[in-house]
Structures are given as C-alpha cells and as structure tokens.
Amino acid sequence: MSRPAVAEVMTRQVVYLPEATMLDEAAQVMRDRGIGDVVVTRGPAMVGVITDRDIVVRAIAENLPPTSTSLGDITSHELIMVEQSATIDEAVQAMRERGVRRLLVCDADRKVVGILSLSDVALRPTSAAA
C-alpha cells in the first residue's frame, strides 16, 4: 500500500497579499475566497503567512484596529515548507515539530504550489472510504 503524498490533499489555491494590506481587507479576502490563510509578501518576496486565527489572536484580542493594522504588523516571519512529494505523515510530523497548523507546499525547485493545513489532512479519504 502506497503512502499518500502531500500533493494529493493540499489546497492548490494560494493567495498572496502585500504586507501593507490592512487586516480588515485581508479578512474580507479570506471570507470571499473561502480560505483561512494568505501568504504575505514584500515586493516579490514571501515574508510570512497569516491565518484567520492570527488576525483574531494577534490583533483583535490585543485591541489593534483592523482598519489601520497591517499584515506586516502581525506577521510571523518564519516560512515552513514541505515538498509536494513528501508523505502526509512526514508533513504532519513537521507540523508537530514546529507547532504549526499549516505548511507551504513547494515543488522540487522550491516554488510554492499549494498549502497544506490540518483540515486538509483530516478531510482526506481513508482507505476504507476510498
């Protein structure tokens, strides 16, 4: 029995927003696209990932105004990636080790091709259901 790869369950839609984007605008983008995270950029470079939970915990709970607080103000600047050929077990282990719920997924050339979240893993069909 083969072990499923990250590419089989990842979300391929990756949304990028500049770090100057205000939190209310980022939240609206997440709502409109039905996603829970965006990649934060500075020019052409990726500088972090922001989740809907980050907005709540790092901004709203700290009374930072969402119309004048930017993504750059609350972004963690650590980008954690896994290659799309990695197994789901390897990706979950990386999440555990780093204490994160999402990983950027890259190809062999380190180009981002998707995002893997714990919900992607939880919602994957089991062999009994397949």
Side-chain angles (χ1 to χ4, degrees):
M1 181 165 95
S2 68
R3 299 180 135 185
V6 167
E8 296 174 38
V9 297
M10 70 182 187
T11 300
R12 294 185 185 280
Q13 177 185 17
V14 180
V15 176
Y16 299 87
L17 291 175
E19 65 183 346
T21 304
M22 295 301 135
L23 298 183
D24 63 330
E25 183 182 344
Q28 291 165 6
V29 168
M30 289 181 197
R31 177 200 61 205
D32 294 347
R33 301 228 183 154
I35 57 175
D37 50 62
V38 296
V39 176
V40 181
T41 60
R42 179 181 304 134
M46 296 182 302
V47 296
V49 175
I50 288 285
T51 67
D52 47 5
R53 184 177 188 278
D54 293 333
I55 292 172
V56 171
V57 172
R58 295 182 189 161
I60 306 303
E62 297 295 329
N63 292 315
L64 297 176
T67 58
S68 61
T69 303
S70 72
L71 293 176
D73 293 334
I74 66 166
T75 298
S76 290
H77 295 283
E78 183 175 27
L79 292 170
I80 304 169
M81 297 179 130
V82 64
E83 194 166 316
Q84 64 184 347
S85 61
T87 67
I88 293 170
D89 291 341
E90 291 169 333
V92 169
Q93 182 62 32
M95 289 179 190
R96 280 191 192 116
E97 289 172 359
R98 302 306 282 267
V100 297
R101 295 179 173 97
R102 289 175 173 84
L103 297 172
L104 292 174
V105 180
C106 64
D107 62 15
D109 296 324
R110 303 228 0 118
K111 178 181 179 268
V112 173
V113 295
I115 294 180
L116 180 72
S117 71
L118 281 180
S119 63
D120 294 328
V121 172
L123 296 174
R124 77 180 172 94
T126 62
S127 57

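Since we're looking at a predicted model, the values are computed, not measured. Count residues from 1 along the sequence.
Under the 4.5 Å side-chain heavy-atom criterion for ILVMFWY residues, no single connected hydrophobic cluster contains both Val40 and Leu104. Using a 4.5 Å cut-off between side-chain heavy atoms of Ile, Leu, Val, Met, Phe, Trp and Tyr, with links allowed through other members, Val49 and Leu17 fall into different hydrophobic clusters. Residues Ile115 and Val92 fall into different hydrophobic clusters, defined by Ile, Leu, Val, Met, Phe, Trp and Tyr side chains chained together at heavy-atom separations under 4.5 Å. Met30 is connected to Ile74 through a chain of hydrophobic side-chain contacts under 4.5 Å among Ile, Leu, Val, Met, Phe, Trp and Tyr, so both are in one cluster. Residues Val38 and Ile60 share a hydrophobic cluster, clusters being chains of Ile/Leu/Val/Met/Phe/Trp/Tyr side chains in contact below 4.5 Å.
Side chain of Arg12 to backbone of Ala7: a donor-acceptor contact under 3.5 angstrom is found. Checking side-chain atoms of His77 against main-chain N and O of Val47 turns up a donor-acceptor pair under 3.5 Å. Asp109 places no side-chain N or O within 3.5 Å of a backbone atom of Lys111 that could act as its donor or acceptor partner. Using modelled atom types, one side-chain atom of Glu8 and one backbone atom of Ala5 make a donor-acceptor pair closer than 3.5 Å.
The distance from atom CG of Leu23 to atom OG of Ser68, rounded to the nearest 0.5 Å, is 8.5 Å. Here the straight-line distance linking atom CD of Glu90 with atom CD of Gln93 works out to 9.5 Å at 0.5 Å rounding. Here OG1 of Thr69 is found 10.5 Å from CG of Asn63. Values are rounded to the nearest 0.5 Å.
No side-chain heavy atom of Val15 sits less than 4.5 Å from a side-chain heavy atom of Val39.
Taking all atoms of both residues into account, the shortest heavy-atom contact from Ala91 to Val6 is CB-CG2, 3.7 Å. Annotation for Gln13 and Ile35: closest pair OE1-CG2, 3.7 Å, computed over non-hydrogen atoms. Closest non-hydrogen pair, Met10 versus Gly114, comes out as SD-CA, 4.1 Å. Across Thr21 and Ala26, no two heavy atoms sit closer than the pair CG2-N, 4.0 Å.
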**OP:** List the steps, then state whether side-chain contact (heavy atoms from CB on, under 4.5 Å) holds for Met95 with Leu116.
**Re:** CA-CA 10 Å; Met95 289 179 190; Leu116 180 72; 3.9 Å; yes

Subject >> CA sep, side-chain torsions, deciding dist, call: Thr75, Glu19, side-chain contact (heavy atoms from CB on, under 4.5 Å) >> reply: CA-CA 8 Å; Thr75 298; Glu19 65 183 346; 5.7 Å; no

Subject >> Steps toward side-chain contact (heavy atoms from CB on, under 4.5 Å) verdict (Arg98, Leu103) >> reply: CA-CA 10 Å; Arg98 302 306 282 267; Leu103 297 172; 5.9 Å; no

**OP:** I would like to know whether Arg101 and Thr51 meet side-chain contact (heavy atoms from CB on, under 4.5 Å); could you show each step before the answer?
**Re:** CA-CA 10 Å; Arg101 295 179 173 97; Thr51 67; over 6 Å; no

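Heavy-atom contacts from other residues, nucleotides or ligands closer than 6.0 Å to CZ of Arg31 number more than 12.
A salt bridge links Arg58 with Asp54: the closest approach of a Lys/Arg side-chain nitrogen to an acidic carboxylate oxygen falls below 4.0 angstrom.
For the side-chain contact (heavy atoms from CB on, under 4.5 Å) test with Val105, the passing option among Val14, Val9, Thr11, Val113 is Val113; the others fail.
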